[in-house]
Amino acid sequence: MSRVRPVPGGRAVEVEPERVEGWIARFADRHGAVDITVGDHVRVVAADGATATFATRGGTSLEEVVDNLTAPRRIGLVLVRLGGHSVGVAFGGKVEVSATDRKQVHGRIRAGGWSQQRFARRREGQARVALQAAADDVFRVLVPRLAQVDSVVLGGDWQALDVLRNDRRLRDVFAKAEDRVLDVPEPRRSVLDEAAERARCVEIVIQDTEATGSSADRMDTGEGA
């Protein structure tokens, strides 16, 4: 599962909240002295023009921001790919309750004519059954616990998630969803466990200057730190 994703003008990386201050220090080592502004977001501007930005959960200083980011939260998880899903509630990175299922959805074929059309109709029917099962599990697992959930983190396939988003029963679930969508393989319970840990992470958006982008790409992901 990728912990780095492209965003307009840069990339976003996942950093454990306990490592945020160390990450900023290493960012300054690579890009020069930094100026830090704290508000709804923390914005770090380096001497060479590179920036790093991440959302806060309150706080007027970096220390207070980090304290709030490290506080345990109860998070809803919705991981969906065509044919499989895993849904749960996690606290402090540990899954408390979950539901995981897989439905058969055949892949595409290249044959033409009526054969291809019949196959396409069959595949569409399988996909509807799979996504309905996913929606039902989200409704059963998350909706009754939504009042205790701080936010919802999504993962998987955008198109599959959009189908669930259009289910009226799940309106309040998606109202609590964060903007990020985790890149995950076929959802299984082990994938849900890892997603619960990743959901704790702070997503930092990095925007480099043209001069610094290529040399700092891998280091700014925090790999090996």
Report the distance from atom [atom1] of [X] to atom [atom2] of [Y], rounding to the nearest 0.5 Å.
{"X": "Gln207", "Y": "Thr51", "atom1": "CD", "atom2": "OG1", "answer": "4.5 Å"}
{"X": "Arg74", "Y": "Asp150", "atom1": "CZ", "atom2": "CG", "answer": "8.0 Å"}
{"X": "Glu203", "Y": "Asp179", "atom1": "CD", "atom2": "CG", "answer": "8.5 Å"}
{"X": "Arg102", "Y": "Ser86", "atom1": "CZ", "atom2": "OG", "answer": "13.5 Å"}

| query | Checking side-chain contact (heavy atoms from CB on, under 4.5 Å) against Val65, which of Ile36, Val20, Val42 comes through? | reply | Val42
| side-chain contact (heavy atoms from CB on, under 4.5 Å) with Leu164: which of Val87, Leu131, Val173, Leu154? | Leu131
| message | Using the salt bridge (charged side-chain N to carboxylate O under 4.0 Å, His left out) criterion, which residues pair with Glu63? Sequence neighbours excluded. | response | none
| message | Looking only at side-chain N and O atoms, does Asp136 offer a donor or acceptor that is under 3.5 Å from a partner on Gln132? | response | yes
| said: Quick check on Arg171: does its CZ atom have over 12 non-hydrogen neighbours (other residues, nucleotides or ligands) under 6.0 Å away? | reply: no
| task | Report, as yes or no, whether the 6.0 Å neighbourhood of atom CD on Gln159 holds more than 12 heavy atoms from other residues, nucleotides or ligands. | result | no
Which pair of heavy atoms, one from [X] and one from [Y], lies closest together, and at what distance?
{"X": "Val95", "Y": "Ala196", "result": "CG2-CB, 3.9 Å"}
{"X": "Ile75", "Y": "Ala199", "result": "CD1-O, 3.8 Å"}
{"X": "Gly84", "Y": "Pro187", "result": "O-CG, 3.8 Å"}
{"X": "Val141", "Y": "Gly88", "result": "CG1-CA, 4.2 Å"}
{"X": "Pro72", "Y": "Gly92", "result": "CB-CA, 4.4 Å"}

| task | Could you tell me whether Arg26 and Asp29 make a salt bridge, using a distance below 4.0 angstrom between a side-chain N and a carboxylate O? | result | no
| Cationic N near anionic O, under 4.0 Å, Asp193 to Arg189 | yes
Would a 4.5 Å heavy-atom cut-off, applied to side chains only, mark [X] and [Y] as touching?
{"X": "Glu16", "Y": "Cys201", "result": "yes"}
{"X": "Arg30", "Y": "Asp48", "result": "no"}
{"X": "Leu182", "Y": "Glu14", "result": "yes"}
{"X": "Leu170", "Y": "Arg165", "result": "no"}
{"X": "His85", "Y": "Asp101", "result": "yes"}
{"X": "Val15", "Y": "Phe54", "result": "no"}
{"X": "Leu146", "Y": "Lys176", "result": "yes"}
{"X": "Glu96", "Y": "Arg145", "result": "no"}

| query | Taking the six-membered ring for Trp, are Phe27 and Trp23 parallel (under 30°), tilted (30 to 60°) or perpendicular (over 60°)? | reply | parallel
| said: Using the side chain to side chain donor-acceptor pair (under 3.5 Å) criterion, which residues pair with Arg200? Sequence neighbours excluded. | reply: Glu18
Could you state whether [X] and [Y] fall into the same hydrophobic cluster, counting links through intermediate Ile, Leu, Val, Met, Phe, Trp or Tyr residues with side-chain heavy atoms under 4.5 angstrom apart?
{"X": "Leu142", "Y": "Val97", "answer": "yes"}
{"X": "Leu192", "Y": "Phe91", "answer": "no"}
{"X": "Ile204", "Y": "Leu62", "answer": "yes"}

So, [X] side chain and [Y] main chain: donor-acceptor pair closer than 3.5 Å or not?
{"X": "Asp208", "Y": "Ala50", "result": "no"}
{"X": "Arg188", "Y": "Thr100", "result": "no"}
{"X": "Asp167", "Y": "Val163", "result": "no"}
{"X": "Thr56", "Y": "Gly39", "result": "yes"}

